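Below is one structure, written out as structure tokens; comments come after it.
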Amino acid sequence: MSSKYNPNEIEKDMYRFWVEGKFFETTDEKEKEPFTIVIPPPNVTGRLHLGHAWDTTMQDTISRMKRMQGYDVLWLPGMDHAGIATQAKVEAKLKEQGENRHDLGREKFLDISWDWKEEYADFIRSQWEKLGLGLDYSRERFTLDSGLSDAVREVFVTLYEKGLIYRGEYIINWDPDTQTALSDIEVEYAEVQGKFYHMRYPIKDSDETIEIATTRPETMLGDTAVAVHPDDERYQHLLGKTVVLPIVGREMEIVADTYVDMEMGSGAVKITPAHDPNDFEIGNRHDLERILVMNEDGSMNENAGHYQGMDRFECRKQIVNDLQEQGVLFDIEEHVHQVGHSERSGAVVEPYLSTQWFVHMQPLADDAIGLQDGDGKVHFVPDRFERTYLHWMENIRDWCISRQLWWGHRIPAWYHKETGEIYVGKVAPADIENWEQDEDVLDTWFSSALWPFSTMGWPDEDSEDFKRYFPTDVLVTGYDIIFFWVARMIFQSKQFTGKRPFKDVLIHGLIRDSEGRKMSKSLGNGVDPMDVIDQYGADSLRYFLLTGSTPGQDLRFHWQKVESTWNFANKVWNASRFSLMNMENFAYEDIDLNREKSLADKWILTRLNETIEHVTKNTNKYEFGEAGRHLYNFIWDELCDWYIEMAKLPLYGDDEQQQQTTRSVLAYVLDQTMRMLHPYMPFITEEIWQQLPHKGESITVANWPEIKPAFHDEVASNEMKRLVSIIKSVRNIRSEVDTPLSKQIKLYIRTENDAITNELEKNRSYLDHFCNPSELVITTDVETPEKAMSAVVTGAELFLPLEGLINFDKEIERLEKELTKWTREVERVQKKLANEGFVNKAPEHVVDEERQKESDYLEKQAKVKARLAELRS
RNA sequence: GGAGGAUUAGCUCAGCCGGGAGAGCACCUGCCUUACAAGCAGGGGGUCGCAGGUUCGAACCCUGCAUCCUCCA
């Protein structure tokens with residue numbers, strides 16, 4: 001073993017060993033309880049980022065632990081076709097080559113997209129490999145697979161037949177860049193410094209005008225009315241009158257509608273039913289004409305008169321000029337307002353009249369909300385996210401599911417060429433020559449929503465996987481896609497399987513840069529997880545991600561933290577290296593924990609028990625940070641700093657029996673520790689475990705550590721506590737007087753009683769080793785040496801005669817400080833105990849503890865006080 | 001406008017059921033001790049955002065306020 005931990009070397013071939021050993025596949029042992037996770041399928045568009053690394057590492061940690069705990073674990077991998085994102089990338093590539101999809105045609109374009117998919121899928125698998133994810137590749141799925149496509153068609157057709165999917169002409173969110181409709185949640189609103197344009201429309205056959213204002217003046221070309229509130233006294237005389245639309249010359253009615261807010265602006269609004277959702281509603285109520293003035297690419301169409309062909313923003317400038325010249329537009333006001341942008345392309349989204357397919361959400365949402373009242377509810381972790389989810393569900397709006405793309409699930413609807421009749425079915429109509437299939441595909445999330453059961457063989461409800469592994473146990477994802485994905489999985493699962501899709505949903509935050517900014521391409525502050533792995537290894541990255549934050553909270557990426565995690569891995573490595581160096585020819589069969597054990601042995605086994613308890617409990621609760629801290633402290637502060645140092649005595653000594661016992665304990669504790677650490681740092685733990693005396697093929701399928709009550713030893717813990725405080729006191733004094741361990745000192749220990757004398761005598765060898773005394777006296781009647789440094793511990797007093805080295809003024813100062821400390825503690829405890837309320841109301845064990853402390857502090861206070869008196873005399 | 005989160009050491013964050021404020025990094029001092037100098041030993045550093053309240057006891061529970069962030073409308 002090298003003296004430095006080299007992750008690349010260890011990690012290089014490990015994954016192949018795991019995959020070839022089929023350790024990540026489900027077992028055929030039906031008596032084992034199944035445990036299922038489906039991976040949130042990453043977009044097949046590109047590479048995995050740190051967010052994916054974080055998300056999947058948590059899943060890996062959970063599934064590795066569950067596997068070790070004896071579950072039949074299925075962690076199902078897969079990818080998402082990501083309609084808009086992928087198509088945009090493929091189109092961009094075509095553009096580079098001077099081509100476009102329309103020239104190529106649908107079929108050829110899809111061929112190219114599939115090639116793209118294969119290329120990136122390979123790349124993503126290689127990233128999963130580097131992260132060390134224990135995925136069952138025999139069940140890998142893709143959202144466009146035939147099985148999953150069957151599921152999509154089944155769901156679409158069923159919902160259509162139930163009247164829960166409909167087609168119609170409504171205002172939708174149109175992305176002029178990618179030229180497709182979007183659902184409401186694919187629109188992100190951002191504050192934009194815009195303008196409020198104030199205009200006066202002339203009233204026909206009158207000198208009067210009516211004042212309106214708009215932020216999108218170009219839409220006036222599609223105005224078909226002006227609306228005022230029916231109770232607005234200012235406009236009573238104008239109701240039913242006609243307005244002449246400037247530039248266009250269209251005659252429009254002034255209508256009364258309670259939607260209009262009298263307080264806003266002039267109290268009159270222009271109505272553009274084809275370009276605004278509210279105007280659309282008003283248009284319906286008043287039977288207004290809908291005039292679309294834009295093309296799908298955001299340019300003005302033939303209804304825009306001489307503005308035809310202009311881009312919408314170009315047209316805005318021009319029309320403002322023209323209206324100003326005509327005196328129609330009389331004021332422009334700076335105005336900050338919310339403007340919708342496409343979540344994908346960033347383009348300003350246009351509210352646009354269009355015929356699309358929708359899911360009628362209310363009944364589905366009601367059902368999903370009802371699910372949360374029963375035992376079959378989805379447990380959100382942290383639970384506050386359940387409120388976020390419910391709030392959205394309770395205010396649900398219909399879901400626009402058609403997308404004007406080619407890459408995706410084509411809508412299973414056909415239109416009769418002659419009659420226009422609509423046919424919706426899982427298979428094409430028999431007389432296909434008379435029908436044309438809908439050109440559009442479904443929203444990608446429509447298929448992702450089925451992921452937990454479509455991947456299991458559904459709609460075949462008799463399929464083995466569906467029966468055994470569904471519902472899944474936990475889903476891990478970020479809070480940013482609760483609406484996009486989590487919510488939709490829940491209502492689709494409830495609707496089609498009658499069950500929740502997962503028992504738990506673990507929600508994590510976003511990963512940010514060191515300054516707390518979102519990682520983004522435009523900022524160039526993204527960190528590639530593969531770079532982190534190259535530099536520090538997957539185990540370091542994983543441990544950093546797992547322990548760096550609390551559930552639901554965001555996480556900042558710091559290289560420095562990854563580096564300190566590497567230090568921890570290096571510590572684990574070297575502790576193991578030391579152990580192995582002292583275990584030559586020591587085999588698994590030689591491990592014997594039943595022989596006479598040393599204090600150190602008993603103590604570390606007790607601490608191991610406690611660590612197993614904490615790590616198991618916290619990992620089960622998804623509290624990876626807490627579990628990690630227990631592991632870290634146990635390994636570094638207890639196993640390395642104390643046990644290994646103490647183990648050197650027997651290991652370097654010549655008592656064969658003691659050596660074998662120490663090797664046994666060391667081998668056992670390391671084995672158990674590697675197992676606990678394995679879900680967190682899979683590579684290094686497998687590597688070390690393989691080298692340690694072990695039984696079994698791989699740590700991935702080794703049993704999870706169990707608490708062994710027989711190893712719990714309270715007495716040893718207390719002895720160890722006293723020993724450690726003695727050693728620390730001596731170190732402290734040595735440091736005060738600049739006397740390194742290599743230089744011998746005299747050490748006298750005055751004990752309180754014979755029991756403590758015996759205890760310390762028994763552990764004399766440790767005191768020799770850690771304190772390096774030239775003379776060590778342990779009795780109840782040690783006489784205070786004349787010139788000495790001293791310290792008090794529970795049950796004993798230490799004296800280090802260090803003639804010549806002691807600065808008495810400094811020593812008095814030190815002791816005074818200590819006396820103040822104990823005096824303060826005594827006062828605090830006594831005040832507490834004098835409080836009747838405390839003694840009567842606090843739990844008994846808390847009061848007992850305080851009484852215990854009181855006597856301990858009083859003892860220490862008295863001894864320090866006496867010492868000071870001696871020094872001053 | 002509504003909802004949620006955050007505010008703890010110089011920095012980044014833990015602190016789970018209310019019972020003596022913790023870690024990593026950074027900083028200071030001393031050590032190349034035969035697992036690890038990316039280490040070891042010792043040390044300094046906090047008005048737990050502010051103000052009230054509940055309680056024998058509050059970083060933690062309640063109310064209000066302040067600042068920052070996110071989501072929804």
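Note that the structure is predicted; figures quoted are calculated from it, not measured. Throughout, protein chains are lettered first and strands after them, A, B, ... in sequence-line order, and every chain is numbered starting at 1. We use all heavy atoms of the structure for the numbers below, so side chains are in, but hydrogens, waters and symmetry mates are not.
Within the 4.0 Å cut-off from OP1 or OP2 of B:C13, not a single side-chain nitrogen or oxygen of A:Arg629 is found. For A:Asn567, a side-chain nitrogen or oxygen approaches OP1 or OP2 of B:G39 to under 4.0 Å. Contact annotation: A:Trp636 side-chain N/O to B:A35 OP1/OP2 distance is not under 4.0 Å. Contact annotation: A:Arg734 side-chain N/O to B:G42 OP1/OP2 distance is not under 4.0 Å. Phosphate contact (OP1/OP2 of B:C69, side-chain N/O of A:Lys518, threshold under 4.0 Å): absent. Contact between the side-chain N/O atoms of A:Arg556 and the OP1/OP2 oxygens of B:U12 is found at a separation under 4.0 Å.
Per the geometry, NZ belonging to A:Lys561 stands 9 Å off C1' belonging to B:A23, to the nearest Å. In this structure, the CZ atom of A:Arg384 is 16 Å from the C1' atom of B:C72, given to the nearest Å. For the pair A:Ile511 CD1 and B:C13 C1', the interatomic distance rounds to 14 Å; values are reported in whole Å. Across the protein-nucleic acid pair, A:Tyr389 atom OH and B:C72 atom P stand 17 Å apart, rounded to whole Å. If you take CD1 of A:Ile733 and P of B:U29, they are 23 Å apart, rounded to a whole angstrom. Atom pair A:Ile482:CD1 and B:A3:P shows a separation of 18 Å (rounding to whole Å applied). One interatomic measurement links the two molecules: CH2 of A:Trp392 to C1' of B:G4, which rounds to 18 Å at whole-angstrom precision. The nearest whole Å value for the distance from the CH2 atom in A:Trp642 to the P atom in B:U33 is 19 Å.
The side chain of A:Asp641 lies closest to B:C40, out of B:A3, B:A35, B:C40. Picking from B:C72, B:A6, B:G42 the nucleotide with the shortest atom distance to the side chain of A:Phe483 gives B:C72. Of all nucleotides listed (B:G19, B:U70, B:U12), B:U70 comes nearest to the side chain of A:Tyr479. Distance from the side chain of A:Arg577 is smallest to B:C36 among B:A41, B:C36, B:U70. Among the nucleotides B:C40, B:A38, B:G15, the one closest to the side chain of A:Asn570 is B:A38. Side chain of A:Trp566, nearest nucleotide from B:G19, B:A38, B:A35: B:A38.
Proximity of the aromatic rings of A:Phe770 and A:Trp642 is defined here by a centroid distance below 6.0 angstrom, and this criterion is met.
With both pairing distances under 3.5 Å, B:G39 is matched to B:C31 as a Watson-Crick or G-U wobble pair. Here B:G52 sits opposite B:C62 as a Watson-Crick or G-U wobble pair (both hydrogen-bonding atom distances under 3.5 Å). Pairing for B:G18 is absent, with no Watson-Crick or G-U wobble pair whose two atom distances lie under 3.5 Å. Across all strands shown, B:U67 pairs with B:A6; the Watson-Crick or G-U wobble distances both stay below 3.5 Å. The nucleotide B:U47 finds no pairing partner, because no Watson-Crick or G-U wobble arrangement with both distances shorter than 3.5 Å includes it. The partner of B:G24 is B:C11, by the rule that a Watson-Crick or G-U pair needs both atom distances under 3.5 Å.
Ring geometry for A:Phe557 against A:Phe544 counts as perpendicular: the plane angle is over 60°, on a 0 to 90° scale with 30° as the lower cut.
Residue A:Trp392 is tested with A:Phe483, A:Phe484, A:Phe385, A:Tyr479 for a ring pair (Phe, Tyr, Trp, His ring centres under 6.0 Å); the sole match is A:Phe483. Partner of A:Lys728 under the side chain to side chain contact (heavy atoms under 4.5 Å, CB included) criterion, chosen from A:Val730, A:Ile726, A:Asn732, A:Val724: A:Val724.
Rounded to the nearest Å, the gap between the P atom of B:U12 and that of B:A26 is 15 Å. Taking atom P on both nucleotides, B:G5 is separated from B:G64 by 14 Å, rounded to a whole Å. Taking the C1' atom of each, B:U34 and B:C11 are spaced 38 Å apart, rounded to whole Å. The separation of B:A41 from B:C50, taken at their P atoms, amounts to 36 Å, rounded to a whole angstrom. For the P atom pair drawn from B:A23 and B:C40, the interatomic distance equals 15 Å after rounding to whole Å. The separation of B:G42 from B:U33, taken at their C1' atoms, amounts to 16 Å, rounded to a whole angstrom. B:G1 sits 13 Å from B:C65 when the P atoms are compared, rounded to a whole Å. Rounded to a whole angstrom, the distance from the C1' atom of B:C28 to that of B:C69 is 36 Å.
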Self-check item: Derivation and outcome, salt bridge (charged side-chain N to carboxylate O under 4.0 Å, His left out), residues A:Glu584 and A:Arg663
Solution: CA-CA 10 Å; A:Glu584 268 183 62; A:Arg663 287 190 186 120; over 6 Å; no

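A donor N or O paired with an acceptor N or O is found under 3.5 Å between the base of B:A35 and the side-chain atoms of A:Glu645. For B:C36, its base never sits under 3.5 Å from the side chain of A:Lys4 at any donor and acceptor pair. Applying the 3.5 Å distance criterion, the base of B:C25 shares no donor-acceptor pair with the side chain of A:Gln560. A donor-acceptor contact under 3.5 Å links the side chain of A:Lys571 to the base of B:C36.
Across all strands, A:Trp559 comes closer than 4.0 Å to no nucleic acid atom at all (heavy-atom distances). Here A:Tyr632 lies in heavy-atom contact (under 4.0 Å) with sugar-phosphate atoms only. Among the protein residues, A:Thr550 comes within range of the sugar-phosphate backbone only, with heavy atoms under 4.0 Å from sugar or phosphate atoms but none that close to a base. Nucleic acid contact class of A:Lys831 (heavy atoms, under 4.0 Å, all strands): none. Looking at heavy-atom distances under 4.0 Å, A:Arg828 makes contact with a base. Across all strands, A:Glu563 comes closer than 4.0 Å to no nucleic acid atom at all (heavy-atom distances). Contact annotation for A:Arg397: backbone-only contact, meaning every heavy-atom pair under 4.0 Å involves sugar-phosphate atoms and none involves a base. Residue contacts shown for A:Tyr652 are limited to sugar-phosphate atoms, with no base heavy atom under 4.0 Å away.
Of the residues near RNA chain B, A:Asn618 and A:Ile644, the one whose nearest nucleotide (by heavy atom distance) lies more toward the 5' end is A:Asn618. Heavy-atom nearest nucleotides on RNA chain B were determined for A:Ser564 and for A:His630, and the one closer to the 5' end corresponds to A:His630.
Taking the O4'-C1'-N9-C4 or O4'-C1'-N1-C2 dihedral as appropriate, B:C28 has a value more than 90° from 0 and is therefore anti.
Salt-bridge check for A:Glu610 with A:Arg607: passed, with a basic side-chain N closer than 4.0 Å to an acidic carboxylate O. Taking 4.0 Å as the cut-off between side-chain N and carboxylate O, A:Glu827 and A:Arg824 do not count as a salt-bridged pair. A salt bridge links A:Arg629 with A:Glu626: the distance from a Lys NZ or Arg NE/NH1/NH2 to an Asp or Glu carboxylate oxygen falls below 4.0 Å.
Residues A:Leu608 and A:Phe634 approach most closely at N-CE1, 3.7 Å, considering heavy atoms. Across A:Val864 and A:Leu815, no two heavy atoms sit closer than the pair CG1-O, 3.5 Å.
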